[in-house]
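Any value given below was found using the heavy atoms of this structure, including those in side chains, with hydrogens, waters and symmetry copies removed. Lettering follows sequence order; numbering is per chain, from 1.
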Protein chains: 2
Amino acid sequence: MNIVLIEDDAMLARTLDELLRAEGHSIEHLDHGDRAMTLLAPPRAGDAGHDADLVVLDLNLPGAGGLDVLAALRRHDTHTPVLILTARDGVEDRVRGLDLGADDYLAKPFALSELEARVRALLRRRGRSGPVTFGPLEFDSTTLSFRCHGEPLALPGREQRLLACLLHHAGRPVAKARLVQEAFGADNVGDNAVEVYIHRLRKRLPEPLVLRTVRGLGYVLDTRS
Amino acid sequence: MNIVLIEDDAMLARTLDELLRAEGHSIEHLDHGDRAMTLLAPPRAGDAGHDADLVVLDLNLPGAGGLDVLAALRRHDTHTPVLILTARDGVEDRVRGLDLGADDYLAKPFALSELEARVRALLRRRGRSGPVTFGPLEFDSTTLSFRCHGEPLALPGREQRLLACLLHHAGRPVAKARLVQEAFGADNVGDNAVEVYIHRLRKRLPEPLVLRTVRGLGYVLDTRS
DNA sequence: ATTCTACCTTACAGAACTGTAAGGTTAAAC
DNA sequence: GTTTAACCTTACAGTTCTGTAAGGTAGAAT
């Protein structure tokens with residue numbers, strides 16, 4: 001994963017760099033607020049742009065302040081997780097940072113192992129952000145397609161949305177009416193259509209996934225046995 | 001949003017309940033580990049199941065321990081964010097909790113405003129989890145469809161995946177070859193196909209979204225002006 | 001056991017999508 | 001200004017998807 005580290009304390013930066021590299025990430029280190037601004041929120045889109053999966057951001061920076069960088073980043077990118085890392089320990093600072101769009105806030109001094117764990121937590125969620133996984137089934141948010149046991153599972157639009165709906169509530173039944181509304185867009189679709197698409201989806205779903213019917217209610221995505 | 005609160009300290013639970021309700025959430029409160037287990041990780045799928053957007057979990061519980069509940073939940077649900085809330089303040093405890101799949105960890109005693117902020121941060125991310133938003137464009141992960149200015153934007157499969165790909169790297173150019181691979185699944189697709197689908201997508205993309213071409217490279221999703 | 005209802009399965013026609021080919025247009029290089 | 005390569009646009013045929021209708025099957029209730 002790509003991590004952008006924005007930290008002006010050279011000593012700490014070096015430590016974090018080594019630490020995170022040791023976990024297999026590639027680190028881009030910046031020590032100046034203005035440069036961070038340029039990288040994370042380029043004035044003209046298309047100029048360069050970042051490729052970060054996570055931003056670790058110190059608030060005390062030369063040049064543009066850390067909170068300004070965060071705000072600028074969040075103007076167009078609500079996606080990349082941001083972990084704030086700072087010496088300011090007041091509760092109000094934390095609240096402000098979090099409400100500006102940060103995902104976590106760690107006050108110095110902190111244990112390195114805790115930073116590692118929080119980074120793992122953020123990257124973990126990023127890795128399978130989106131509609132999630134259920135058993136061997138996963139949804140790849142980049143290609144908007146499903147995979148089962150790692151094998152791509154190509155599905156036509158309707159079936160894909162149907163499966164997404166069931167996956168979203170995986171393990172518990174979803175009413176037929178709800179499926180019509182969420183997967184079919186509440187068009188003038190007959191009630192039978194759901195049955196037909198469930199049938200089609202069943203033929204394509206690989207083991208051990210099954211679609212159990214809950215009579216009178218709807219369907220559940222589940223695993224066999 | 002639906003929040004499941006698992007906390008056996010009646011005093012604290014009451015406070016949190018009021019606090020979170022005041023922010024407009026509906027709270028389901030449990031004070032026993034076994035019941036939490038039943039709700040969050042039902043032994044048989046389809047029994048009942050939770051409908052939570054966030055779980056706030058105390059570790060010290062009568063009955064099943066909080067970490068057991070977390071582990072059981074994560075066996076099938078990697079999706080719902082979990083905020084751990086506990087008196088155990090050791091760094092090792094935090095690391096263990098986070099590595100078991102928690103998304104955040106707050107040690108007692110804590111400021112209520114910080115809890116609120118962290119809850120907001122988790123729900124915010126959950127609200128638009130997945131492939132993100134860019135300007136007025138957003139992706140609804142439940143229905144696997146795009147919206148622009150809130151209006152649904154129906155797209156055929158190929159165009160949808162193409163847009164997802166561009167959105168995923170929004171603001172910076174994506175190479176044509178990459179689009180072929182990620183959106184078209186590396187089939188035996190001619191190079192011209194991308195141009196055709198870009199063209200089709202352009203006709204459907206509402207203002208102010210544009211697809212700029214970067215000659216010799218690929219395309220960028222951007223906003224007009 | 002019978003009846004009823006909910007669900008399954010199949011088939012089909014209309015519609016929409018997909019990818020290629022062919023020619024037009026624009027931008028960069030010389 | 002000419003040339004060249006990259007990109008745009010249109011058209012088209014093959015394929016796939018969509019939703020409905022019609023009949024079959026299975027579960028529940030009496």
Can you measure B:Gln160 atom CD to C:dA16 atom P for me and round it to whole angstrom units?
17 Å
Looking at A:Arg215, I'd like to know whether one of its side-chain N or O atoms comes within less than 4.0 Å of OP1 or OP2 on C:dC7.
no
Protein-nucleotide distance (B:Leu217, atom CG; C:dA27, atom P), rounded to Å
17 Å
Provide, to the nearest angstrom, the distance between the CD atom belonging to A:Glu159 and the P atom belonging to C:dA16.
19 Å
Does B:Lys176 have a side-chain nitrogen or oxygen under 4.0 Å from the phosphate oxygens OP1 or OP2 of D:dC7?
yes
Does D:dT9 have OP1 or OP2 under 4.0 Å away from a side-chain N or O of B:His199?
yes
Want to settle it: does A:Leu155 or A:Val196 sit nearer the 5' end of DNA chain D, counting the closest nucleotide to each?
A:Leu155
Under 4.0 Å between a side-chain N or O of B:Tyr219 and OP1 or OP2 of D:dC8?
yes
To the nearest Å, give me how far apart CG (B:Asn192) and P (C:dG23) are.
14 Å
Atom CZ of A:Arg200 and atom P of D:dT20 are separated, to the nearest Å, by 11 Å
Flag, side chain of B:Gln160 to backbone of B:Leu144, donor-acceptor distance under 3.5 Å:
yes
Calculate the interatomic distance between B:Lys203 atom NZ and C:dC17 atom P; express it in whole Å.
12 Å
Check B:His149 against B:Pro208 and note the closest heavy-atom contact, atom names and distance.
NE2-CD, 3.8 Å
Nearest to the side chain of B:Glu195 - C:dG19, D:dT9, C:dC8?
D:dT9
Identify, between B:Arg204 and B:Ala193, the residue whose nearest nucleotide on DNA chain C lies closer to the 5' end.
B:Arg204
Minimum-distance pair of heavy atoms, taken over all atoms of A:Glu207 and A:Cys148
O-SG, 4.3 Å
Determine whether B:Asp140 and B:Ser145 satisfy the following criterion, side-chain hydrogen bond (donor to acceptor under 3.5 Å, both in side chains), listing intermediate values before the conclusion.
CA-CA 5 Å; B:Asp140 183 346; B:Ser145 57; 5.3 Å; no
Whole angstroms only, please: what is the CG-C1' distance between B:Leu201 and D:dT9?
15 Å
So B:Arg202, base contact, sugar-phosphate only, or nothing? Heavy-atom distance under 4.0 Å.
sugar-phosphate
Partner of B:Ile84 under side chain to side chain contact (heavy atoms under 4.5 Å, CB included), chosen from B:Leu70, B:Val55, B:Asp104
B:Leu70
Rounded to whole angstroms, how far apart are CD1 on A:Ile198 and C1' on C:dA6?
14 Å
Looking only at side-chain N and O atoms, does A:Arg158 come under 4.0 Å of OP1 or OP2 in D:dC17?
no
